[in-house]
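Please read these numbers as outputs of a predicted model, since none were measured by experiment.
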Amino acid sequence: MEILIMAGQLILGLSILVGLHELGHLLAAKMFGMRVEQYFIGFPPKVFSIKRGETEYGLGAVPLGGFVKISGMIDESLDTEQMKAPPKPWEFRAKPAWQRLVVMLGGIIVNIITGIVVFVALTYKNGNTFLAAEDAKYGIVAYDLAREIGLQTGDRIVKINGKPFSDFYAIRSSDVFLGNNSYYTVERNGQLVDVYIPNNFIEKLSDKKSAGPFVEPIQPFKVKELAPDQPAARAGLRKDDIITSVNGRPIRFYHEFQDAVKPLAGKPIVLGVERNGNPVTLNLTVTPEGTIGFYPEFLLKYTTQEYTFGEAVVVGTQRAFQVVYDNIKGFGKIFRGDVSASKAISGPIGIAQNLFGGVWVWERFWAITGLLSMALAFMNALPIPALDGGHSVLLLYEIVSGRKPSDRFLEAAQRVGMVILLGLMAFAIFNDVFKAVF
């Protein structure tokens, strides 16, 4: 079922984004009087279609893509027969270069608008809930990867790259992991220590199979909810109880409780509890998984910042374009050799697994769809033949030089671009399968 949910979210999200992208080309083309022959979401074979005016609108059986066919344009179909005849007034090639450029940028523009609208709507609806750095007063829990770079449980991170910060979770931001020579300044035993982050650290952090968690704030806690028919419920643990000890070992924070209980999987323990200010002792046996069956309520204070619509427009737009900046930084790391392409590039399988997940949550779906919309705009803007960016570069050359590339050159560029794109797609899908199996 989880696989079906992941696939369903991916197909719906990409169908929306590709449909809007191609709609951007269609609307721009029709605005300038160009004939649009076909508008399809999905690739052939055709599932169904309907013709309205000069345009056939349809749905293809292969859902991860789409296309719009404009008369007189050398595109993915490589239909060169019509190019042998003199240009007709309604054809793409007969229009001024600036109009053709607007048509080529139409899909990118619509994807950018879509991404901004999604981020603005989510920002206005949810605001920004965060843990202020000063409220994470007990320091951090450092897991394996954090300890590997020199962080320790109990450290208080006071600066990032030499600058104070307000949101605790900024320590895990893309600015830190996609930057170069990033470092934390931590307060440890009354002294300040700089802990440097390797430039290839994002590669380890993004390895879903082996990375595990990085850092979390040290959290005081109490019992929020009990799992039915589990040791904690059977022993009489109650909602709002505060666990104070395990086998006489003092407990104050949740990571201390986990460290005390997990090694005792399958064994009896004595739990010290504070209930309404009174001490209570409970006897129970830890499950084979190293748990006792309750959900914690963390007691650090989180702050929620709400935005007016105008503020949400500004903040949401910044969040949308942060996706583009992150993509640029990510490509920079690949080109510099800090991160291998096999670890950084994902195809549809990787996107479904790593982003959408196996539970359908509409708010998360729209957040990821907004992110993918901005990423799709960025990828299509790359100056690769067959992509919108490649076409746009040639049109800019024509506008600046006053010379139009020959149809033969455009056909060759389109073929080269298709080979590059198919190669990248094959690499991404193979990479997904390899990572899933191995």
Side-chain angles (χ1 to χ4, degrees), residues 9-10 12-14 16-21 24 105 107-133 135-136 157 160-161 163-180 182 197 201-202 205-206 214-217 302-333 339 344 346 350-352 354-357 359-382 389:
Q9 291 182 91
L10 178 67
L12 178 60
L14 288 185
I16 291 171
L17 296 180
V18 170
L20 290 172
H21 179 92
L105 294 176
I108 295 173
I109 292 170
V110 168
N111 279 137
I112 290 174
I113 293 172
T114 301
I116 291 173
V117 168
V118 169
F119 277 99
V120 168
L122 291 175
T123 300
Y124 181 66
K125 178 179 182 293
N126 299 328
N128 180 32
T129 298
F130 63 98
L131 175 64
D135 290 330
I157 300 177
I160 300 174
N161 294 333
K163 298 178 181 178
F165 59 101
S166 57
D167 183 350
F168 172 84
Y169 291 103
I171 65 179
R172 303 190 312 207
S173 71
S174 58
D175 288 338
V176 175
F177 297 132
L178 292 176
N180 291 314
S182 297
I197 304 167
F201 188 67
I202 185 66
L205 198 65
S206 60
F214 178 52
V215 299
E216 293 290 348
Y302 282 75
T303 302
T304 298
Q305 180 180 5
E306 296 183 351
Y307 298 104
T308 65
F309 181 73
E311 292 170 335
V313 169
V314 175
V315 175
T317 302
Q318 291 172 342
R319 290 176 175 175
F321 278 100
Q322 186 64 46
V323 177
V324 178
Y325 304 147
D326 290 347
N327 273 275
I328 294 172
K329 291 177 185 176
F331 271 88
K333 279 196 171 289
V339 178
S346 289
I351 293 171
N354 298 332
L355 293 181
F356 285 111
V359 179
W360 198 304
V361 180
W362 278 110
E363 193 163 297
R364 184 178 65 182
F365 169 82
W366 285 113
I368 295 170
T369 300
L371 182 151
L372 289 177
S373 189
M374 298 302 295
L376 183 63
F378 169 76
M379 295 299 295
N380 268 284
L382 294 176

Spacing of I368 atom CD1 and S373 atom OG [to the nearest 0.5 Å] = 13.5 Å
Can you name the closest pair of heavy atoms from V110 and G24 and give their distance?
-> CG2-CA, 3.5 Å
For R319 and G127 the tightest heavy-atom approach is NH1-O, 4.1 Å
Return the set of residues passing side-chain hydrogen bond (donor to acceptor under 3.5 Å, both in side chains) with N380 (not counting sequence neighbours), or none when no residue passes.
-> none
Nearest-0.5 Å distance, CD1 of residue I197 to OG of residue S182 | 5.0 Å
Nearest-0.5 Å distance that lies between atom CG in L376 and atom CE in M379 | 9.0 Å
Rounded to the nearest 0.5 Å, what separation is found between the NE2 atom of H21 and the CD1 atom of I16?
-> 15.5 Å
When the ring centroid of F378 is compared with that of F321, is the distance short of 6.0 Å?
-> no
Can you check side-chain contact (heavy atoms from CB on, under 4.5 Å) on T317 and F119, steps first, answer last?
-> CA-CA 7 Å; T317 302; F119 277 99; over 6 Å; no
May I ask you to decide whether R172 forms a salt bridge with E216, counting only side-chain N to carboxylate O separations under 4.0 Å?
-> yes
Tell me, yes or no, whether the heavy-atom count around E306 atom CD, taken from other residues, nucleotides or ligands under 6.0 Å, exceeds 12.
-> no
By ring-ring contact (aromatic ring centres under 6.0 Å, His included), Y124 pairs with (sequence neighbours left out) F309
Classify the angle between the aromatic ring planes of F177 and F201 as parallel (below 30°), tilted (30 to 60°) or perpendicular (above 60°).
-> tilted
Please walk me through it: do M374 and N327 pass side-chain contact (heavy atoms from CB on, under 4.5 Å)?
-> CA-CA 10 Å; M374 298 302 295; N327 273 275; over 6 Å; no
For D135, side-chain hydrogen bond (donor to acceptor under 3.5 Å, both in side chains) partners two or more places apart | none
Decide side-chain contact (heavy atoms from CB on, under 4.5 Å) for L122 and E363; before the verdict, give the C-alpha distance in whole Å, the side-chain angles of both, and the deciding distance to 0.1 Å.
-> CA-CA 8 Å; L122 291 175; E363 193 163 297; 4.0 Å; yes
Go through the steps to decide whether T303 and T129 satisfy the test side-chain contact (heavy atoms from CB on, under 4.5 Å), and finish with yes or no.
-> CA-CA 6 Å; T303 302; T129 298; over 6 Å; no
Member of I109, T114, I108 meeting the side-chain contact (heavy atoms from CB on, under 4.5 Å) criterion with I112 = I108
